[in-house]
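Worksheet: one structure, shown below.
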Amino acid sequence: SSPHYAMLLGSAFAASNVLAILVVLALGWFDSGFSGLDSIETLGPIRSFGLIPEVGRRKRPLQLLTDAPITQYPEAVHSVHTALQRSMSGDLPVQAFAAAQSRIFLVTSALPGEGKSVFAASLAQSMALAGKRTLLIDGDLRRPSVARLFNDDNPRELGESLARSRDLSELVATDVASGLSYIAVRKERGNIAALLNSQQLQLLLREARDRYENIVIDTPPLFAVSDAIVLSQFADATLLAVRWEHTPRAVIHHALKILRNNEVRLAGVLLTRVNMRKHARYKYGDSAYFHAKHARYYS
């Protein structure tokens with residue numbers, strides 16, 4: 001008469017269900033990051049610019065924009081580009097916006113490792129591939145990355161170059177694949193705060209506005225140094241990159257407070273390094289669900 005297998009199996013099944021529910025609740029409780037666009041809405045009246053997929057280690061995001069434009073990552077970047085352009089144009093007709101002055105876009109994040117530099121370079125490439133005269137500036141003078149992203153072996157030391165000459169052409173290099181102009185710099189050894197507030201840099205940005213339709217500046221994280229805040233005074237719009245399911249909500253709330261206190265013109269927030277398949281398992285109705293379920297559309 002014992003053991004009673006039916007009763008034991010029923011008890012084990014019920015206990016496992018209860019344990020699974022507790023585990024899910026615990027994971028949800030300790031998950032302090034942003035898992036979807038709806039979670040961005042909890043930050044307040046802030047525009048969300050979408051999701052940027054995580055790219056595998058064997059793939060180079062910038063190469064995808066030129067070699068495989070009809071894939072998930074390039075399409076996501078193009079969507080941000082389009083939304084950003086629409087947000088800047090406001091109620092202007094297309095012809096009037098096309099004739100408007102050039103725009104400076106600043107990309108930053110709260111913490112390192114959130115994918116802001118790769119996104120900034122990708123956004124600039126997207127603009128260049130759309131036929132716009134675009135300049136990418138590496139504004140992270142402490143940990144520059146543009147030279148590495150474009151395999152540039154000859155980055156310039158910005159402070160020394162500005163002191164020697166004010167000609168923008170001496171600093172600019174060109175990405176042959178996309179036609180993007182960029183300024184790749186070395187790690188700055190001088191007084192960075194003085195350089196960012198210098199008249200030489202202001203003249204450089206003024207000349208860049210005369211030559212280019214779009215200018216994208218990659219800056220250090222907000223919590224690391226104040227460089228992004230200093231450079232934001234020259235920008236028409238700032239984008240805040242937030243790593244999907246990684247950056248704590250309290251950190252982003254504090255970052256937004258820093259931007260508000262310094263009267264930074266924040267265009268909006270975007271989620272970076274998103275695992276699209278994982279996201280689509282429990283988020284329905286947004287672009288990630290479409291990307292995961294209809295991947296053949298991008299081929």
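All residue numbers in this chain count up from 1 along the given sequence. None of the values given here were measured: they were computed from a predicted structure.
E114 places a side-chain N or O within donor-acceptor distance of the main-chain N or O of R243, the cut-off being under 3.5 Å. Of the possible polar contacts, one joining the K116 side chain to the T219 backbone as a donor-acceptor pair under 3.5 Å is found. Looking only at distances, a side-chain donor or acceptor of R133 sits under 3.5 Å from a matching main-chain atom of R211. Judged by distance alone, the side chain of S109 and the main-chain N or O of L111 form a donor-acceptor pair under 3.5 Å. No donor-acceptor pair under 3.5 Å is formed between the side chain of T272 and the backbone N or O of I52. Within the 3.5 Å criterion, the main-chain N or O of L149 finds a donor-acceptor partner in the side chain of R60. Side chain of T108 to main chain of P220: a donor-acceptor pair is present (N/O by atom type, distance under 3.5 Å, no hydrogens or angles). In this structure a side-chain-to-backbone donor-acceptor pair under 3.5 Å is missing from E75 to Q72.
Annotation: salt bridge (Lys or Arg N to Asp or Glu O under 4.0 Å) contacts of E54 (sequence neighbours excluded): R273. Partners of D152 by side-chain hydrogen bond (donor to acceptor under 3.5 Å, both in side chains), not counting sequence neighbours, listed by chain and number: Y182. In this view, T134 satisfies the side-chain hydrogen bond (donor to acceptor under 3.5 Å, both in side chains) rule with no residue, not counting sequence neighbours. Taking the side-chain hydrogen bond (donor to acceptor under 3.5 Å, both in side chains) definition, one finds that R265 meets it with nothing, sequence neighbours left out.
In this structure, CZ on F119 lies 8.5 Å from OG on S126, to the nearest 0.5 angstrom. In this structure, the separation between CG on L205 and CG on D210 is 11.0 Å, given to the nearest 0.5 Å. The CZ atom of R142 sits 10.0 Å away from atom CD of E188, with the distance rounded to the nearest 0.5 Å. To the nearest 0.5 Å, the span separating OG on S198 from CG on L162 amounts to 6.0 Å. The line from CG of L106 to CG of D218 is 8.5 Å long, rounded to the nearest 0.5 Å. Between L168 atom CG and R206 atom CZ the span is 13.5 Å, to the nearest 0.5 Å.
Nearest approach of A128 to S178, heavy atoms of both residues: CB-O, 3.7 Å. Between D138 and D140, the closest heavy-atom pair is OD1-N, 3.1 Å.
Between V146 and S117, the closest side-chain pair of non-hydrogen atoms is not below 4.5 Å. Looking only at side-chain heavy atoms (C-beta outward), K187 and P144 come within less than 4.5 Å of each other. Residues M127 and F105 meet the side-chain proximity criterion, which asks for heavy atoms closer than 4.5 Å. Contact annotation: the side chain of I192 approaches that of L196 to within less than 4.5 Å [non-hydrogen atoms, C-beta and beyond].
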One pair to check against side-chain contact (heavy atoms from CB on, under 4.5 Å): Q125 and D175. What are the steps and the verdict?
CA-CA 9 Å; Q125 265 197 335; D175 175 41; 3.0 Å; yes

Stepwise, does the side-chain contact (heavy atoms from CB on, under 4.5 Å) test hold for I104 with I217?
CA-CA 7 Å; I104 296 181; I217 305 178; 3.7 Å; yes

Run the side-chain contact (heavy atoms from CB on, under 4.5 Å) test on F223 and V251 for me, step by step, so that the C-alpha distance in whole Å, both residues' side-chain angles and the decisive distance to 0.1 Å come before the verdict.
CA-CA 9 Å; F223 283 15; V251 169; 3.5 Å; yes

I215 vs R209, side-chain contact (heavy atoms from CB on, under 4.5 Å): CA-CA, chis, key distance, verdict:
CA-CA 8 Å; I215 302 163; R209 277 191 183 273; 4.2 Å; yes

Distance-only donor-acceptor pairs under 3.5 Å for side chains of residues 153-160, two or more places apart:
from : atom 1 : to   : atom 2 : distance (Å)
R156 : NH1    : E170 : O      : 2.5
R156 : NH2    : E170 : O      : 3.3

Less than 3.5 Å apart, which donor and acceptor atoms pair up between the side chains of residues 252-263 and the rest of the protein, not counting sequence neighbours?
from : atom 1 : to   : atom 2 : distance (Å)
N261 : ND2    : K257 : O      : 3.3
N262 : ND2    : I258 : O      : 2.7

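Both L195 and L231 belong to a common hydrophobic cluster when Ile, Leu, Val, Met, Phe, Trp and Tyr are linked at side-chain heavy-atom distances under 4.5 angstrom. Put simply, I46 and L51 are part of the same group of oily side chains (I, L, V, M, F, W, Y) that touch within less than 4.5 Å, one to the next. Put simply, V225 and V185 are part of two different groups of oily side chains (I, L, V, M, F, W, Y) that touch within less than 4.5 Å, one to the next. Following chains of ILVMFWY side-chain contacts shorter than 4.5 Å, one can reach L141 starting from V172, so the two form part of one hydrophobic cluster.
Atom CZ of R143 is surrounded by 12 or fewer heavy atoms from other residues, nucleotides or ligands within 6.0 Å.
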